[in-house]
Amino acid sequence: MIQLLVFLPLLCSAIAGLGNRFIGNTVAKTVTTAGLFVSCAIAWSIFIPFLQGTSHAYVANVLTFIHSGDLKVDWALRVDSLTAVMLVVITSVSALVHLYSWGYMAEDDSQPRFFAYLSLFTFMMLMLVTANTLIQMFFGWEGVGLASYLLIGFWYYKPSAGAAAIKAFVVNRVGDFGFSLGIFGTFLVFGTVQIPEILAAAPHMAGSTIGFLGYRVDTMTLLCLLLFIGAMGKSAQLGLHTWLPDAMEGPTPVSALIHAATMVTAGVFMVCRLSPMFVTSPTAMTVVTVIGACTCFFAATIGTTQTDIKRVIAYSTCSQLGYMFFAAGVGAFGAAMFHLFTHAFFKALLFLSAGSVIHAMHHEQDMRYYGGLRKHIKLTFWVMVAGTLAITGVGLEGVFGFAGFYSKDAIISSALASGTEVGGFAWFMGVFAALLTSFYSWRLIFLTFFGKPRWAASEHIQHAAHAHGHDDHAHDAHADHAVAHAAHDDHGHDAHHAEPDAEDAGHEPKPDMRGFTEVEHGTLDYHPHESPWTMTVPLLVLSLGAVFAGWAFAPTFLNGSFWQGSVAYSPELHEASEKLGAWALAPSIVMLIGFAIAWFAYIRDTSIPGRFAATFRGLYVFLLRKWYFDELYDLIFVRPAFAIGRFLWHKGDEGTIDRFGPDGIAKLAVVGNRITARVQSGYVYTYALVMLLGLAGVATWAMTR
Amino acid sequence: MSGFPILSIMLAVPFLGALWCLFAPGSAESRDQNARVTALAATLIDFALGIVLWVQYVPGGPRWQFVENSNLFGKFSWALGIDGIAMLLIVLSVFLMPICILASWKSITKRVPLYMATFLVTEIMMLGVFMAQDLYLFYVFFEGGLIPMYMTIGIWGGARRIYASYKFFLYTLLGSVLMLIAMLYMTQHAGTTSIPQLMAYNFTSQAQTWLWLCFFASFAVKMPMWPVHTWLPDAHVEAPTAGSVILAGVLLKLAGYGFIRFSLPMFPEASAHWMWLVFALSMIATVYTALVALVQKDMKKLIAYSSVAHMALVTFGLFAFNQQGIEGGFLVMLGHGLVSGALFLCVGVVYDRLHTREISRYGGIADNMPAYATFFLFFTMASVGLPGLSNFPGEFLSMMGTYEQSSWAAFIAVTGIITGAAYMLYLYRRIAFGPRKNADAAAMPDLEPREWLTLAPIALAVLWMGVYPESFLKPIRGDVVLLLERLHPTAPASDAALKIPHKPAAAAVAGEH
């Protein structure tokens, strides 16, 4: 069964990808979507017995992969509680995203390609989570990176998409640099890359030391930190996060599936999968906690100022991943996985409903040009509110709560309950980030769905209104969309990428500083329409997840027996986190404060944001420019790399090696010129060849004599 | 099978083909066509024989199989025989050859019979290198292979072909003279020219040091290693497409084969002694050539520099003194042979249409050449070492072996996966992505059937090697173990040694040899 689950998406992907135009849109879409729904059904049938505690871990072997000396790697599929959770998340979200894409991508020219990529991604992700060896995990790890690259660059004619795709791949490769070294080190230390064997042997290695770059360091700390660098890259943690916001260049279903629900959580999955390794090194755990806590705070601050609806959600994802990491860092791996699980549903929901808004608004993504949309797209509004209630963690202890109420609060409580200093630090950052989360999430809702319509100023809407006059069914005009995609480049922040040869891997020019109140009001008689059923059905299903997933699964996920040892579990920590008393209310209180601020600033008195930005201009620009990470990296990595490359080429190869090597010899030997002149006639070559053939002939004769 | 001289026949077929290409009667036009067909037929026959070789080869059987031996004169004998390592390199060569002929089908119009004959002679020389069991026979093939390559660049090359071929020749000449001197010394002392016997002969430490350096002079140039790599970009840029394919696919593998066959088993002490020289040069090459590749404006030059970076992984792996390293280094040779060959074919496809290799003249061709863009992306991904494609098992094993030997060397080697992705994807983006900016590039038609025939087989091989590398590891496993037995007494200590405080129970998990 597990083989079918994993390989069916690959098969469907191959059919859609290779068949492409020969089989047509409908066949390609039907095959891939049906395949995913089958996989999804199998995944739930595997997951439910684990929930009931009647199923146990097993490994299904497929094929030999790499055998070299002591290194034995096979293609194999491992299923245990941890994997089962991921299987359900991946296939459910993927199946819904496939369905959603029927509507969202209906006007695209390359639909088979799109669906093939989506299914390929799903396959790679499944290979990642079913890995029994670090190397197969790395296979899936790189495979999802490939799919992410392909899908970010799906609209390859947009220079910004090409730049974002490269950036995503290369920044992830920086993480893989650490991951690779971690795998090598692990093999060196344990003599195997089989995950269960490594985890079993890990406690024996605690306290040992190993040589690394001339130093003697603690073995487990070194290995865990190297592996964690990989996790940081894939899960967009502070320092290696710069690719994630740019990845929003991909179509919105992609953002929902890859850059919210599944791929970016691979790092969290990896740390949880290797949790028995991580717990042997307190230093590594501290680092994971600090990085996670800092990420959850820093990304949330940026989220408060962005105006692109998808970028707000992207930073929100980054921030939520930070929560998962510091949960892992304080030892609450169950809580980390639980948040991964609920987050997948509500974040996919937020992205897909944002996609529904964008669809209705003719690919306008700037929230300053939205406003008052709740009357036009009611269903989208309500499901997005459900997603927001889930992410902000609305709920009442002992009664009912939306998904995030259980999972996020479990993380924040665990941080405090851990009783360590870094735990306290993470708690503080987590609570503060929860306030910001509530603020930017409600800001998004208020800017998009409340207030007066402001889309008269949007170029996308102007374009649509211009093309169709008073046509109410503007979004049915198919041909227009290809132009709309292309036109997107000219709009706002993307203009800089017009020159693809520029050596800037995706950084942006000065952002548009206007606030939403400075944008002209009006509708241009354009009336946004609700999306087709293929898009709304997935939204409704996901909103069920956002509303009930926390309530339904909290007892299971936070309980050690469910995991059957597949993640390290500390009953003491769990117990302590339930006895926090009044402190446990902190997340709920800041959530209400965040909501109140957003309400005051974006409903009650809409001049507040502008005045705030004017008063704290330095801070505002710092956040708007995303802490200047892109500029910094451009300055210290990208530009020097090109400059040094040019220097080595001209001054090294040409100016030194060639000058004193072959060219120098040529100049010394005057005859050199004469020889070359004679050789140029070409006949010398013929003589040489005939001579050689003659030699060979003689040799043959000598042999057969 | 012992009575059937399959190796000699594999050499004789292209030889007869070359003669027929050159001396067949007829009008100029019919001679051209005759040469093409003859060359294709001859290379296909060799390919078929290569498959027979692979199927009949017994992994774990005798070390040397398909052995032939007949004395020619003096100590010089026609001694052929192969082990698993040579067998796979032969298969790689005969696999790429028909593809090269197909790739030259239309793009070569000048002196076609001579061209085809030259290619067939190249094939003889390359196969001869892998088959030779006599020191001087090896030398003749090894250096003789330069002549047809030199001609290919010099006659059918681009504008600066004379400079390129001259540079190529000058570099390789220096190394080969030193190697010949070393060989003369070796026969003098060991009293034999048989390679298998020499592989078991123990030279004194001092002699090994010098002999190793003499061989290294030749192999380092051919590899090519930094800083003697500058002939390669020029040679690639000027060579016709098929010339580049053979240069990258097979000729660059001769040096790696030389390390495995000569330097390591014949001079194990010296190899350990000079390990750090090899590592240092490879480390420099990894960083240096990757940065240089990043700023190239010519497609072929970029791929040529990337070849130098990849070859550094071969030298890393071979001198890691452990099984993962050596098997990995060898797999990188095979994988790089396929992938860089395919990348040069990809360049050739657009070069045939637009007659320029300038990257900035292209852009957005994913629109008008979707099949081409897919193949190009596929090989680009293989080149950056994506798991599941051919280069990954080799690169990963090679780096893993390097780490076991030296964490510093591995630390630098692994940076290659970042820079490699950067320059290859940057290349791909400038060619295939973005808006269509040049009208003539936007008007290029997609792949024709002949081009499909050249790219598709390589793509299948790349996938096969990536998913089931066991096919390629199985034949060489025994040979690598034998090599390691030879190297074991002198293998240098690792800098990544594990120290476990008072816990002898865990000693079983110490990974290093």
Side-chain angles (χ1 to χ4, degrees), chain A residues 63-64 66-71 138-139 142-143 146 153 156-157 159 162 166 169-170 173-174 176-177 180-181 184 187-191 201 204 207-213 219 500-501 641-642 644-646 648-649 653 657-658 661-662 665 676 680 682 685-686 688-689 692-693 696 702-703, chain B residues 15 70 72 78 118 121 144 147 151 154-155 162 166-167 170-171 227 230 288 291-292 294-295 323-324 327 360 364 366 381 386-388 393 397 399-400 403-404 407-408 410-411 414 417-418 421-422 425-426 429-430 433-435 469-470 473 495-501 503 506 509 511-512:
Chain A
L63 189 71
T64 305
I66 302 174
H67 283 193
S68 175
D70 299 333
L71 180 76
F138 191 70
F139 165 81
E142 292 281 283
L146 166 73
Y156 55 80
Y157 41 80
I166 292 196
F169 201 93
V170 173
R173 274 284 165 119
V174 176
D176 297 345
F177 169 81
S180 301
L181 285 175
F184 303 151
F187 176 67
L188 181 70
V189 171
F190 295 100
H204 305 293
S208 65
T209 61
I210 192 168
F212 186 69
L213 305 184
T219 309
D501 280 337
F642 278 90
I644 295 171
R646 243 176 260 121
L648 292 176
W649 181 26
D653 269 21
I657 299 174
D658 279 357
I665 295 167
T676 15
Q680 252 164 329
Y685 295 111
T686 319
L689 184 68
L692 207 64
L693 288 173
M703 178 187 67
Chain B
F15 178 65
S70 48
L72 292 178
W78 181 258
T118 311
V121 173
I147 298 173
M151 291 173 60
I155 301 180
I162 300 301
Y166 159 76
K167 208 170 172 182
L170 204 64
Y171 262 119
T230 61
Y288 184 109
L291 290 175
V292 174
L294 197 60
V295 295
Q323 194 152 5
Q324 287 81 31
E327 291 186 352
S360 58
M381 283 298 163
L386 192 82
L397 283 176
M399 292 189 283
M400 185 176 252
Y403 188 101
E404 288 170 56
S407 55
W408 254 118
F411 188 80
V414 181
I417 71 168
I418 306 172
L425 294 183
Y426 186 44
R429 173 186 160 201
R430 283 177 291 169
F433 282 1
E470 178 67 8
L473 280 167
D495 80 337
L498 186 68
K499 277 189 199 151
I500 302 164
K503 252 189 206 166
V509 291
E512 67 270 68

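The shown structure was predicted, so the numbers you read here are calculated from the model rather than taken from an experiment. In what follows, chains are A, B, ... by sequence order, proteins preceding strands, each numbered from 1. In what follows, every heavy atom counts, from backbone to side chain, and hydrogens, waters and symmetry copies are set aside.
- Heavy atoms closer than 4.5 Å to chain B are found in the side chain of A:Leu63, but not in its backbone.
- Side chain of B:Arg430 to backbone of B:Tyr426: a donor-acceptor contact under 3.5 angstrom is found.
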Next on the checklist: What verdict does the side-chain contact (heavy atoms from CB on, under 4.5 Å) test give for B:Met399 and B:Gln324, after you've listed the backbone C-alpha separation in whole Å, the side-chain angles of each residue and the deciding distance to 0.1 Å?
Outcome noted: CA-CA 8 Å; B:Met399 292 189 283; B:Gln324 287 81 31; over 6 Å; no
Item to check | side-chain contact (heavy atoms from CB on, under 4.5 Å) between B:Ile155 and B:Thr118, intermediate numbers included | outcome: CA-CA 11 Å; B:Ile155 301 180; B:Thr118 311; over 6 Å; no
Next on the checklist: What verdict does the side-chain contact (heavy atoms from CB on, under 4.5 Å) test give for B:Met381 and B:Leu425, after you've listed the backbone C-alpha separation in whole Å, the side-chain angles of each residue and the deciding distance to 0.1 Å?
Outcome noted: CA-CA 8 Å; B:Met381 283 298 163; B:Leu425 294 183; 3.8 Å; yes
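- With chain A as partner, the option from B:Ile417, B:Leu397, B:Leu473 having the largest number of non-hydrogen pairs under 4.5 angstrom is B:Ile417.
- Here A:Phe177 is the residue among A:Phe169, A:Phe139, A:Phe177 with the most heavy-atom pairs under 4.5 Å with chain B.
- At a 4.5 Å heavy-atom cutoff, the contact between B:Glu470 and chain A is made by backbone and side-chain atoms alike.
- At a 4.5 Å heavy-atom cutoff, the contact between A:Thr64 and chain B is made by backbone and side-chain atoms alike.
- Contact check for B:Phe411 versus A:Phe184: no side-chain heavy atoms found under the 4.5 Å cut-off.
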